[in-house]
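Computed over heavy atoms, backbone and side chain alike; hydrogens, waters and symmetry mates excluded.
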There are 2 protein chains.
Amino acid sequence: MGLRERKKEKTRLAILDAAIDLFLEQGYDSTTVEQIAGAVDVSPRTFFRYFTSKDHIVLWFHDQGEEIMLETLQARPADEPPFTSLAHALRAVLSNVADSTPADTQRFLKLRRVLEEHPHLVGLSVARGTETERRLADEVAARRGVDPAQDRLTHLIVAFAMSTMRVGFDCPQSEPHDVREIVGRLEATIQLAELSLRPGWDA
Amino acid sequence: MGLRERKKEKTRLAILDAAIDLFLEQGYDSTTVEQIAGAVDVSPRTFFRYFTSKDHIVLWFHDQGEEIMLETLQARPADEPPFTSLAHALRAVLSNVADSTPADTQRFLKLRRVLEEHPHLVGLSVARGTETERRLADEVAARRGVDPAQDRLTHLIVAFAMSTMRVGFDCPQSEPHDVREIVGRLEATIQLAELSLRPGWDA
DNA sequence: TAATATATGTCAGTCGATGACAGATGACAA
DNA sequence: TTGTCATCTGTCATCGACTGACATATATTA
């Protein structure tokens, strides 16, 4: 990897960290792009070359996670029930964070706090995730041998899976201390969902 | 009702209609608030006195619908299974539209087309609905006699219900011609959801 | 080292959104 | 009817997110 790429990755992370810290210090809304850029000695214009929008900072892990979900889903055996596959995809997102560098998991935990304090940002992640949700539905439809434009159950399966994810993440309770605690909550939520669903419903 | 209020309601609807038509003609993003205001001979500043944001236009029915959901939910018998109550709340939203004036249902159908062409706006509705979803969860928690801050199942119930709503609304298929067709789709989706869930799961 | 490719800063400009103030208009009592 | 009051509206100024264009600086490669 050349110097150029290393430098880019460095500023990318610097911007990310500066932004997250500012969000936690003074709130998301009252933090301007100018401040973030200033904190890492970069022009505001450059900020937008690394992140397409201010929101993009908050949705960083979300974007990343959806990519992982897609890959995991495609790697699961084709004859596995779709919801089971999706559940594994959800787990994969968190495993990825847990297996990452300490700095990365720290970013994840901090971002989670930002999302907690500004619930409306959670919706934005859904907004951005629309496209990925469609791709997940396409994949599930292919596995079920149906037309994604016609089959309601396919969309319901994906929607339920995403709901499970959100509940596992957002469920208030006390502040989680590490990623493993969040892993535990997601696992519990997945089990709860599987307990709530009729066996074979997604076949 | 005084002249003043009538006038306000009139401009409110005028702005709404002008905006919707412009969105359908030239797309959501390329329509400016200035254009909308100009189309009804009103200053841009006044636009923001009727609608808090450009998004607000699109989410108009959504806001309205969530209010109805809450009221319906509260009116359902306390011993009814929560998901059943929520399903009735979903139906109530559409009944309200169907029982409204023809002009109103037209607006509804047009707005639905706007949402279809700009999927990211669907996410915005979730963003705006975060607060209402919390209130729904509070109500469900009260009925189940649990603490909303502790009980995962409560949040899962609400999340599943909202998913059902979204799938019923957004499921592609062919363009619906009237509200009754959408009512049918929602009903089918609700039945599908109830078929997918284990009996008594939400008790 | 020269030539090329890419990253960054500066500048100008658009658009959404908000506060402040002044003028216009409906509501209401005498 | 008239005058007062509350409310609505337009104008102006301003902020902040975001984008395109262009020039400059910094890697990369031959």
Salt bridge (charged side-chain N to carboxylate O under 4.0 Å, His left out) partners for A:Glu194, two or more places apart: none
Over all strands shown, is A:Thr31 touching base, sugar-phosphate only, or nothing at heavy-atom distances under 4.0 angstrom? sugar-phosphate
Listed partners of A:Glu67 passing salt bridge (charged side-chain N to carboxylate O under 4.0 Å, His left out), at least two apart: A:Arg135
Compare side-chain N and O positions of B:Lys8 against OP1 and OP2 of D:dC8 and report whether any pair is under 4.0 Å apart. yes
Can you list everything that forms a salt bridge (charged side-chain N to carboxylate O under 4.0 Å, His left out) with A:Glu187? Sequence neighbours excluded, please. A:Arg91
As a quick check of understanding, evaluate salt bridge (Lys or Arg N to Asp or Glu O under 4.0 Å) for B:Asp21 and B:Lys110, giving each step before the final call. CA-CA 8 Å; B:Asp21 287 338; B:Lys110 281 187 184 175; 2.9 Å; yes
Which residues in residues 9-26 of chain B have at least one heavy atom lying under 4.0 Å from any atom of DNA chain C? none
Heavy atoms only, 4.0 Å cut-off, all strands: where does B:Ser43 land among base, sugar-phosphate and nothing? base
With A:Thr31, which residues qualify under side chain to side chain contact (heavy atoms under 4.5 Å, CB included), at least two apart? A:Leu22, A:Phe23, A:Gln26, A:Gln35, A:Ile36
Heavy-atom contacts, protein to nucleotides 19-30 of chain D, under 4.0 Å, summarised as B (base), S (sugar-phosphate only) or - (none) per nt, yield BBB----BBS--
All side chain to side chain contact (heavy atoms under 4.5 Å, CB included) counterparts of A:Thr189, not counting sequence neighbours: A:Thr164, A:Val167, B:Arg152, B:Leu156
Listed by chain and number, what are the salt bridge (charged side-chain N to carboxylate O under 4.0 Å, His left out) partners of A:Lys10, not counting sequence neighbours? none
All ring-ring contact (aromatic ring centres under 6.0 Å, His included) counterparts of A:His88, not counting sequence neighbours: none
Using atom CZ of B:Arg6 as one end and atom C1' of D:dT7 as the other, report the distance to the nearest whole Å. 16 Å
Donor-acceptor contact below 3.5 Å, side chain B:Asp151 vs main chain B:Val146: no
Per the salt bridge (Lys or Arg N to Asp or Glu O under 4.0 Å) rule, what does the pair list look like for residues 44-53 of chain A, sequence neighbours excluded? none
Specify the separation, in whole Å, of atom OH of A:Tyr50 and atom P of D:dC18. 18 Å
For A:Ala103, what residues pass the side chain to side chain contact (heavy atoms under 4.5 Å, CB included) criterion, not counting sequence neighbours? A:Thr101, A:Arg107
Can you give the first and last nucleotides of DNA chain C, 5' to 3', that have an atom under 4.0 Å from a heavy atom of chain A? C:dA5 to C:dT10
